[in-house]
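Notes for the one structure printed next.
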Amino acid sequence: MVLIKHLSEYVGKEVTIKGWLYNKRSSGKVKFLIVRDGTGMLQCVVFKGNVSEEVFELSGNVGQEASVEIIGKVKEEPRAVGGYELDCTDVKLIGESNDYPITPKEHGIEFLMDHRHLWLRSKRQTAILKVRHRVIKAIRDFFDSRDFTLFDPPIITPNACEGTSTLFETEYFDLGPAYLTQSGQLYAEAGAMALGRVYTFGPTFRAEKSKTRRHLTEFWMVEPEVAFNDLDDNMDLAEEFLEYVVQTTINDCVEELEVLERDTTSLKRVKRPFPRVSYSEAVEILKRKGHEFEWGNDFGGADETIISEEFDRPVMVHRYPAEVKAFYMKRDPENPKLALAVDVLAPEGYGEIVGGSQREDNLDLLIERIKEHNLPQEFFEWYLDLRRYGSVPHSGFGLGLERTVSWICGLEHLREAIPFPRMIYRNTP
RNA sequence: UCCACAGUAGCUCAAUGGCAGAGCAUUCGGCUGUUAACCGAAGGGUUGUAGGUUCGAGUCCUACCUGUGGAGCCA
């Protein structure tokens with residue numbers, strides 16, 4: 001059996017192809033079967049004289065997405081998709097398919113989401129899935145080649161990690177309520193104290209009733225955490241990381257991005273150094289552009305878009321008002337109203353793809369913060385131990401995988417960036 | 001949670017308050033190079049649900065349900 005993507009090595013030879021019928025056309029004594037196998041598309045030509053009567057009849061009756069085994073001779077053919085076609089000598093039906101719901105015409109989003117398990121077979125969706133895979137590989141390659149250790153945090157946690165978001169709650173035997181993690185970060189800090197440089201990579205959960213194209217209730221996040229890194233080191237790491245992920249992906253996914261009709265000129269500019277502006281400077285940008293904004297608030301989606309339009313590549317916004325950020329972020333020694341936080345805003349309206357900070361490493365200040373946020377200190381004793389025993393400055397950030405995939409693919413909505421999206425009003429299929 | 005919009009054939013959509021329609025899909029027939037092929041024919045409907053206005057409602061009104069887009073929150 002030969003994969004369609006490798007067909008160019010078999011010109012003039014007889015091969016066996018196994019796949020699914022994408023579409024078919026016929027013209028009297030000749031039938032064209034367009035077959036896909038997950039690696040490409042192939043036009044298979046069945047001439048009446050070249051096959052048995054049964055096979056010719058079968059070729060006309062295979063339904064869309066029926067699985068088939070096809071034997072034929074490979075030839076170059078500029079008229080066919082992919083540049084090659086198969087001159088068929090035999091066609092076998094493996095699994096029939098009648099009345100396949102997703103026809104080769106337009107469909108509405110509700111219908112497609114209801115049939116997500118089948119929608120995944122389409123050209124556009126397989127292209128996105130391949131880009132997602134390449135992004136994941138780039139993420140892992142980047143950290144693996146820089147002395148990071150993959151560190152898996154728990155998914156079930158006893159407390160709300162940052163104390164702000166709404167979490168999914170479940171009963172945990174006799175121990176009372178437990179929650180699905182919204183971030184592996186606090187645990188990653190323990191990992192960084194053990195291994196120096198770690199990254200977590202896994203699903204995270206938010207029960208916020210967000211209903212926008214930028215939100216999922218279940219999404220994947222990668223979170224590096226590095227001992228002895230300060231905020232500047234953290235920003236250096238984030239920009240090197242983003243450059244690597246974007247550049248390797250657009251290099252290796254040229255065909256997929258073509259299917260998605262993604263203009264990659266702006267992605268090619270994702271090179272170091274990224275512009276760095278403070279929160280206060282970002283507020284000035286908004287005001288200069290005539291948008292009302294009060295210092296001290298967090299940026300909304302529209303604000304982020306306006307700020308990012310000032311620059312030709314991702315922009316790093318640092319030193320936010322501490323009040324809008326999480327309790328564990330270290331304050332700026334030059335201005336205690338500010339947190340040593342950094343968000344990276346992607347261009348083209350894709351918004352915040354990275355959020356990070358230098359962490360508070362002083363035991364007394366951290367206890368103070370926990371009290372200020374009315375968090376139950378007993379749940380954080382283990383976290384405070386990290387400051388009791390050999391505390392060091394350390395920093396890290398989180399990158400949302402689906403937002404990154406959406407940005408690179410140029411998607412309208414995050415739901416296409418993950419095989420089975422979980423959203424406020426949908427948990428099926 | 002709030003705001004806006006939508007719901008008609010399997011799908012995508014039409015239909016001035018006056019006979020429920022088209023394209024695609026499906027089935028049948030035609031065509032030896034098709035490119036979301038094309039040509040001909042057939043089958044396919046409790047117009048989201050419940051009320052109301054009207055001689056008459058897919059169309060107007062009320063409530064509800066479902067979905068879509070956005071806000072807030074966030075990655």
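In what follows, chains carry the letters A, B, and so on, assigned in the order in which the sequence lines appear, proteins first and then strands, with residues in each chain numbered from 1. Quantities reported herein were computed from a predicted structural model and do not represent experimental measurements.
- Annotation: of the two residues near RNA chain B, A:Glu77 and A:Met423, the 5′-most nearest-nucleotide partner is A:Glu77.
- No contact: A:Thr204 has no heavy atom under 4.0 Å from any strand.
- Pairing for B:U62 is with B:A50, a Watson-Crick or G-U wobble pair whose two hydrogen-bonding atom distances lie under 3.5 Å.
- Within the nucleic acid shown, A:Phe32 comes within 4.0 Å of at least one base atom, counting heavy atoms only.
- Using a 4.0 Å heavy-atom criterion, one finds that A:Asp298 contacts the sugar-phosphate atoms exclusively.
- Using a 4.0 Å heavy-atom distance criterion, A:His413 is classed as a sugar-phosphate-only contact.
- Taken to the nearest 0.5 Å, the OH atom of A:Tyr199 stands 9.5 Å off from the CZ atom of A:Phe241.
- Residue A:Lys209 places at least one side-chain N or O closer than 4.0 Å to OP1 or OP2 of B:U1.
- Nearer the 5' end of RNA chain B, as judged by each residue's closest nucleotide, is the contact made by A:Thr103, out of A:Thr103 and A:His215.
- A:Lys211 comes within contact range of at least one nucleobase, with a heavy-atom separation under 4.0 Å.
- Backbone-only engagement by A:Glu352 is indicated by non-hydrogen atom pairs under 4.0 Å involving sugar-phosphate atoms exclusively.
- A distance of about 13 Å separates the C1' atoms of B:G58 and B:U46, rounded to the whole Å.
- Using the Watson-Crick or G-U wobble rule with both distances under 3.5 Å, B:C5 pairs with B:G67.
- A:Ile34 comes within 4.0 angstrom of no nucleic acid atom, judged by non-hydrogen atoms across all strands.
- When distances are taken from the side chain of A:Glu110 to each of B:U26, B:U12, B:G67, the shortest belongs to B:G67.
- Residue A:Leu216 is in base contact, counting any heavy-atom pair closer than 4.0 Å across all strands shown.
- Under the Watson-Crick or G-U wobble criterion, with both distances below 3.5 Å, B:A41 is paired with B:U27.
- For A:Ser97 and A:Gln64, the side-chain atoms include no donor-acceptor pair closer than 3.5 Å.
- With P as the reference atom, B:A41 and B:G23 are 10 Å apart, rounded to whole Å.
- Only the C1' atoms considered, B:C38 is 9 Å distant from B:U34, to the nearest whole Å.
- A donor atom on one side chain and an acceptor atom on the other are not found under 3.5 Å apart for A:Glu69 and A:Thr16.
- When both distances must be under 3.5 Å, the Watson-Crick or G-U wobble mate of B:U12 is B:A22.
- Rounded to an integer number of Å, the gap from CZ of A:Phe168 to P of B:C74 is 16 Å.
- No engagement by A:Val81 is indicated, since no non-hydrogen atom pair under 4.0 Å with the nucleic acid exists.
- Across all strands, A:Glu85 comes closer than 4.0 Å to base atoms (heavy-atom distances).
- Contact annotation for A:Asn23: backbone-only contact, meaning every heavy-atom pair under 4.0 Å involves sugar-phosphate atoms and none involves a base.
- With rounding to whole Å, A:Gln182 atom CD is found 15 Å from B:C73 atom P.
- Between A:His115 and A:His117, the ring-plane angle classifies as parallel under the 30° and 60° cut-offs.
- Among the atoms of the strands shown, only primed sugar atoms or phosphate atoms (P, OP1, OP2) are found under 4.0 Å from some heavy atom of A:Tyr425.
- B:G51 and B:C65: their C1' atoms are spaced 15 Å apart (whole Å).
- Base engagement by A:Gln43 is indicated by at least one non-hydrogen atom pair under 4.0 Å involving a base atom.
- A side-chain donor from one of A:Tyr328 and A:Gln185 sits under 3.5 Å from a side-chain acceptor of the other.
- The same atom, C1', is picked in B:C3 and in B:A57; the two are 29 Å apart, to the nearest Å.
- Classification of the A:Phe168-A:Phe205 ring pair by plane angle, with boundaries at 30° and 60°, yields perpendicular.
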